[in-house]
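This one's a predicted model, so the numbers in the text were calculated from it and none came from an experiment. All heavy atoms count here, side chains included; hydrogens, waters and symmetry mates do not.
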Amino acid sequence: MSGNPSIRACLAPVALLSLVVYGCTAEGYREEADAEVYEILKDKRLAAMGQTRDQAPDFVVEAKADSLRKRLLDEIKAGLKPKLEISLEDALNIAAENSDAFQTQRESLYRAALALTTQRNRYSTIWSGGAGATVDGVGKDGQVEGRTSADLSASKILASGATVLGGFVTNFFKVFTSGGGWDATSLLGMSITQPLLRGFGSTVTMEPLTQSEGDAAYDIRNYERFRLDFCITVVADYLAVIENQNNLQNQIANTKSLVDNRKQATDMSLAGRMQRFEVDQAQQQELTARDNELASRTRLKTTMDRFKATLGVPIETELSLRSGSLQAMQDFGVGALDLQEEEAFEIALKNRLDLKNRTEQVQDRARKILVAENALKMGLDISAAVDVPNRSSSNAGKLDWREFQWQVGLQLDLPLNRTPERNIYRSALIDYDAEARSLSHFIDTIKREIRISLRNLDQARRSYEIQQNSLSLAEVRVDSTKLLVDAGRAQMRDFLNSQDDLLEAQTRLTAALVNYVVTKLELLNDLQLLEVGESGLSLDIIAMSSWRREDKPDVRLKGMEESPEADKSGKDPKDGDPKDDTRKDPAKDPAKDKKE
């Protein structure tokens with residue numbers, strides 16, 4: 001039976017269908033999904049961020065196959081201990097590539113755009129089709145029958161709410177043992193159903209697509225806000241390591257100084273120039289310093305491990321930060337802020353991406369009310385259909401338009417029970433009020449956060465200036481007290497106190513500088529003025545000191561024009577004599593006058 005050509009012809013549609021299905025590989029579907037999603041993200045970024053398509057960065061959801069984390073893990077598996085020396089720029093690039101939090105955000109953004117493709121497909125022309133074949137026999141008489149069928153249909157939802165459906169079905173039948181030909185039946189059909197009351201109109205019909213389009217824009221803005229927040233997190237963790245490294249260096253220097261002081265005190269005691277209890281005081285202070293140094297080392301290791309987790313590198317990695325980072329922070333500049341509250345509010349309310357999301361979400365709630373109102377109406381649908389059969393049983397493709405059948409109908413659904421719809425409508429009204437109220441409070445939250453940031457930045461600036469003066473005074477006290485102790489005009493306790501104050505001033509100055517930098521970045525973020533690059537993460541600290549942006553108000557820090565640039569020797573101009581006014585006015589620069 002398998003060699004019968006009629007049977008082979010009967011099974012041909014099944015073979016063709018199998019070939020088509022086999023040609024649609026999983027990899028092909030994946031590439032198709034990526035192409036559609038990446039195109040959506042470019043278009044949505046244009047709408048959400050006000051960029052052109054050429055400016056939109058390339059987006060790839062998968063992490064790099066040869067990422068730094070993978071290479072480091074391979075080294076660890078090979079029994080090696082990987083080492084990394086990085087700058088702040090390196091840290092931002094590494095975090096963007098290897099951080100689990102950053103990768104999770106990329107995947108969430110991709111999923112949002114992928115969900116949009118599902119909704120767009122729902123409102124496109126949807127094709128479906130299939131084919132089948134069967135062969136069966138009856139008892140001992142050897143009768144063999146064959147049947148094949150194929151169908152192709154298309155459907156589409158129109159903006160008015162109408163559903164259009166068209167299809168073509170054909171069937172073939174043959175009794176192989178009777179010697180006859182194939183009997184064919186075909187039917188071409190088309191129908192349309194149009195709601196007239198409930199379900200009518202683009203507002204109701206297109207609402208799922210409208211909401212999905214908006215959700216994609218929200219996710220793009222949320223992704224951009226995450227990049228800003230995450231950039232600050234990386235910078236803060238990086239500076240925390242620098243701060244702890246600097247504190248450890250100060251602790252080591254303090255311990256060494258106290259060791260030398262204890263030895264000198266011992267010599268002076270043996271010479272009868274110092275009481276024994278003062279030697280004991282010096283030794284006690286030395287022991288305390290050693291303990292503090294040990295605690296400082298522990299804090300540095302803990303801070304470093306937290307930083308590794310932020311970057312996404314293996315915890316076994318031996319990480320070190322390049323020298324000059326503390327100087328780079330000083331180049332960031334510390335100055336008085338020339339920005340009033342009202343001006344800051346205006347900038348933030350104009351630029352904040354999360355505020356744009358909240359505003360548009362209120363509009364979403366308003367549309368939900370219209371949709372819920374429509375659902376309360378009476379259902380009244382008009383429908384029409386037409387079917388055209390084939391003319392001859394021997395020719396499935398030739399239709400007989402004279403024998404077409406048509407139908408027109410009207411379907412009524414009385415609103416006798418609308419309790420679920422009523423509840424949805426009432427909830428929609430409440431949700432709208434809640435969303436509008438939430439927006440109002442969110443604006444208050446933005447203003448409150450800006451006020452706090454402005455206060456914190458001013459406090460950080462003043463604190464830094466105070467700590468600078470405190471450090472200068474502490475250094476003078478240590479030197480002068482040391483001379484007085486050597487001359488026998490002061491007690492050891494006086495010197496030890498001055499040494500403690502010096503260490504405290506050094507620690508507080510570093511903390512004040514780090515706090516100022518992070519607080520300034522947070523304020524820039526609150527104002528939506530922080531720039532972290534088009535993709536990944538990047539931050540130009542020196543450029544941020546001027547707060548300039550072509551499409552944003554000109555916001556600056558007083559004194560920034562003369563302080564960010566250091567001379568070739570590496571010394572910052574602001575390190576000069578504070579009484580020297582020539583730093584403020586280039587016209588009074590004696591070097592310049594001499595050159596001229």
Side-chain angles (χ1 to χ4, degrees), residues 57 63-64 67-69 72 84 86-109 219-247 299-315 317 319-322 325-326 328-329 332 348 351-354 357 445-446 449-450 452-453 456-457 460 510-545 547:
K64 288 186 178 180
S67 65
L68 175 63
R69 177 178 176 83
L72 294 176
L84 277 180
I86 63 174
S87 64
L88 177 57
E89 181 181 1
D90 297 330
L92 292 169
N93 291 331
I94 291 172
E97 177 185 303
N98 301 274
S99 167
D100 179 66
F102 204 97
Q103 179 61 25
T104 298
Q105 288 295 321
R106 275 196 293 259
E107 292 166 350
S108 297
L109 181 58
D219 283 298
I220 286 177
R221 295 189 187 116
N222 290 336
Y223 176 72
E224 292 303 317
R225 286 295 300 178
F226 166 80
R227 290 205 306 133
L228 299 177
D229 294 337
F230 189 65
C231 179
I232 295 178
T233 298
V234 174
V235 173
D237 287 353
Y238 181 92
L239 297 184
V241 173
I242 292 179
E243 180 181 356
N244 280 277
Q245 285 178 338
N246 190 67
N247 291 343
R299 282 193 298 271
L300 175 58
K301 292 178 180 178
T302 301
T303 306
M304 183 68 80
D305 285 346
R306 185 177 67 244
F307 185 48
K308 293 176 186 177
T310 300
L311 296 182
V313 299
I315 203 71
T317 305
L319 194 62
S320 60
L321 307 187
R322 290 177 185 167
S325 299
L326 192 60
M329 284 196 301
F332 188 72
N351 300 325
R352 284 283 290 264
L353 297 178
D354 47 358
N357 279 358
T445 299
I446 291 176
E449 290 175 349
I450 289 175
I452 291 174
S453 295
N456 289 343
L457 188 62
T510 304
L513 180 58
V514 170
N515 182 46
Y516 179 85
V517 173
V518 174
T519 303
K520 185 174 181 180
L521 292 177
E522 289 175 344
L523 177 58
L524 287 171
N525 190 19
D526 289 340
L527 299 175
Q528 197 71 46
L529 292 177
L530 186 62
E531 297 284 359
V532 296
E534 294 297 335
S535 61
L537 291 176
S538 62
L539 185 66
D540 188 348
I541 287 187
I542 303 302
M544 297 310 299
S545 64
W547 292 31

In Å, rounded to the nearest 0.5 Å, how long is the span from [atom1] of [X] to [atom2] of [Y]?
X	Y	atom1	atom2	result
E522	N515	CD	CG	8.5 Å
I94	L319	CD1	CG	7.5 Å
N456	K520	CG	NZ	15.0 Å
L321	Q245	CG	CD	5.0 Å
N98	L311	CG	CG	8.0 Å
E97	S67	CD	OG	5.5 Å

What closest approach, in Å, do [X] and [Y] show between heavy atoms, and which atom pair accounts for it?
X	Y	value
L537	C231	CD2-CB, 4.0 Å
D526	A348	O-CB, 3.7 Å
A96	R106	O-NH1, 3.1 Å
R299	N244	CB-OD1, 3.7 Å
Q528	N351	CG-O, 3.1 Å
Y238	A91	CD1-CB, 4.1 Å

Is there a donor-acceptor pair under 3.5 Å between the side chain of [X] and the backbone N or O of [Y]?
X	Y	answer
K308	I315	yes
S320	L84	yes
T317	P314	yes

Could you tell me whether the side chain of [Y] reaches within less than 4.5 Å of the side chain of [X], counting heavy atoms only?
X	Y	value
I242	V514	no
T445	E449	yes
L68	L72	yes

Does either side chain, that of [X] or that of [Y], offer a donor lying less than 3.5 Å from an acceptor on the other one?
X	Y	value
N246	T510	yes
N357	N222	yes
N525	R225	yes
T302	D305	no

Worked verdict on V241 versus D237 for side-chain contact (heavy atoms from CB on, under 4.5 Å): CA-CA 6 Å; V241 173; D237 287 353; 5.9 Å; no
Check the pair R322 / L88 against side-chain contact (heavy atoms from CB on, under 4.5 Å), numbers first and verdict last. CA-CA 8 Å; R322 290 177 185 167; L88 177 57; over 6 Å; no
Would you call the rings of F230 and F102 parallel, tilted or perpendicular, where under 30° means parallel and over 60° means perpendicular? tilted
Consider side chain to side chain contact (heavy atoms under 4.5 Å, CB included). Of L92, I232, L228, V234, which one does V532 pass it with? L228
Side-chain ion pair, E224 and R221, N-O less than 4.0 Å: no
Give a yes or no on this: more than 12 heavy atoms of other residues, nucleotides or ligands lie within 6.0 Å of atom CD of E107. yes
